Number of protein chains: 2
Amino acid sequence: MRMNQGVEWAVHVLLSLAWVDDGEPVSTARLAASYELPQAYLNKQLQALVRAGILESLPGARGGFRLARPAEKITLMDVVMAVEGPEPAFQCTEIRRQGMGADAPESSFRLACAVNTSMQRAELAWRKSLASQTIADVKAEAELHAPAIAGVARRAYGRD
Amino acid sequence: MRMNQGVEWAVHVLLSLAWVDDGEPVSTARLAASYELPQAYLNKQLQALVRAGILESLPGARGGFRLARPAEKITLMDVVMAVEGPEPAFQCTEIRRQGMGADAPESSFRLACAVNTSMQRAELAWRKSLASQTIADVKAEAELHAPAIAGVARRAYGRD
DNA sequence: GTGCGAATACTCGGATACCGCGTGTCCGAGTAAGTGAGG
DNA sequence: CCTCACTTACTCGGACACGCGGTATCCGAGTATTCGCAC
C-alpha cells in the first residue's frame with residue numbers, strides 16, 4: 001500500500017503557491033523546475049487539484065495556477081482526496097457471505113462486517129488527522145524549521 | 001492508494017482460526033473453500049503471516065495453519081505489517097532539496113521535512129488505531145453481530 | 001495379532017507468468033500579450 | 001500619439017505509451033498416514 005507520489009508533489013506545490021501571496025498565477029514549468037519534477041506529469045496532478053476546487057487555473061500566456069481559497073481552508077485531507085480519489089484504502093468485498101456463510105440467513109448480514117468496521121475505524125483516525133492539518137499549518141511549521149524558505153520561494157516564483 | 005486484498009483475507013482467516021480453539025491446524029484448501037478464495041494465492045498470503053510469527057504452519061498430511069499466539073495478542077497492525085510490509089504509505093523523497101532549494105545551506109535541512117512530518121502524523125494515528133484492536137476484539141464484535149457464526153465456523157473446520 | 005517398512009496422499013513453500021494501475025510523455029485548443037500599420 | 005487587428009508565444013487540458021507491483025498459478029520438497037507383509 002503505497003500512496004501516489006503526486007500527493008507529495010501537490011502539498012509542496014500548494015506550499016509554494018501559499019508563499020506567493022499576491023494573486024499572480026505560477027506556471028507548471030516554473031513549479032516543476034523548482035522541484036525538478038517532470039513538468040507534464042506534474043501538470044496532470046495539478047489538474048486533479050483544479051477539479052477538486054483547490055486550485056484555480058488561468059490559461060493563456062502569463063497563465064498558471066493559484067490557490068482557489070486561502071491556505072487556512074485547505075486541509076491535507078482535501079489534497080489526498082483530490083489526488084488519490086475518494087475510495088477508502090480498505091475495501092470490504094464481503095467474503096463473509098461466500099462459501100461457508102453462503103447459506104446463512106440474510107439477517108446474519110444485517111449489521112456491517114466486523115472486519116470492515118475495524119479497518120474503517122483506523123482509516124477514520126487517519127482521515128481525521130489529515131483533516132485537522134491545513135496547508136497553513138504545514139507552512140508555519142516549515143518556516144519554523146527553515147525561516148529563509150519563505151523568501152526563497154517568493155523570489156523563485158516572482159514575475160521578474 | 002488501495003490496500004492489498006490479502007489483508008482482508010488474512011483477518012478473516014485469523015478469525016476462523018481463532019474460532020477453532022483446539023490446537024488442530026486447518027489446511028489452506030479448507031480455508032480457501034470457506035471463503036471461495038483462490039487456494040494457491042491465499043497460501044502465499046498466509047506464508048507472509050508465518051514469516052511474521054502470527055501463524056504456525058504444520059507440513060505434511062493433516063497439516064495446515066494455526067495461530068502462533070492467542071488472538072488477544074494479535075493486533076490488526078501486526079496483520080497489516082505482515083501483509084503490506086513495514087514501509088510507510090507516504091514516502092518522503094526530499095524534493096525540497098531539489099531545484100529551488102538545491103543551493104540552500106545544509107543547516108536548512110537539519111529538521112525533518114514539514115510535509116513528511118504532517119503525513120507521518122496522520123499515518124501514526126492510523127497505526128495506533130490498528131494496534132489498539134486485536135483479533136479477539138474483532139471476533140467479539142462479529143459474534144455480537146451474528147451469534148451463530150462461531151458455531152458455523154467451528155463446524156466448517158472440524159476434522160470430520 | 002503385532003511390528004515394521006514401503007507406498008501413498010496430502011500439506012506447505014517458493015519459483016514462475018499475467019495484468020491493471022500508477023508513471024511518464026506528447027500534442028492540440030485556447031488565451032493574453034506583443035507588434036505593426038493606419039488614422 | 002492612439003486604436004485596432006493580426007501575429008505570436010505561451011499556457012492548460014486531455015489523449016496516448018510504458019513499466020512495475022499486486023494478482024494468480026503451478027510444481028517440487030517434505031511429512032503423517034495407510035496399507036501390506038513378515039513374524
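A, B, ... follow the sequence lines: proteins, then strands. Residue 1 opens every chain. Keep in mind that what you see is a predicted model, and the values were worked out from it rather than measured. All values below come from the heavy atoms of this structure, side chains included, with hydrogens, waters and symmetry mates left out.
- By the 4.5 Å heavy-atom criterion applied to side chains, His12(A) and Ser34(A) are not counted as neighbours.
- The two atoms that bring Pro25(B) and Gly64(B) nearest to each other are CB-C, 3.7 Å, heavy atoms only.
- Between Glu24(B) atom CD and dA32(D) atom C1' the separation is 13 Å, expressed in whole Å.
- Defined by atom type and a distance below 3.5 Å, a donor-acceptor pair is present between the side-chain atoms of Gln47(A) and Asn43(A).
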With sugar-phosphate taken as primed atoms, P, OP1 and OP2 and all else as base, the protein-contact string of nucleotides 8-24 of chain C at under 4.0 Å (heavy atoms; B, S, -) is --BSBBB-------SBB

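- A search for side-chain contact (heavy atoms from CB on, under 4.5 Å) contacts involving Ala136(A) returns Ala71(A), Glu72(A), Thr134(A), not counting sequence neighbours.
- Inspection of the Asn116(B) and Gln120(B) side chains reveals an N or O donor paired with an N or O acceptor under 3.5 Å.
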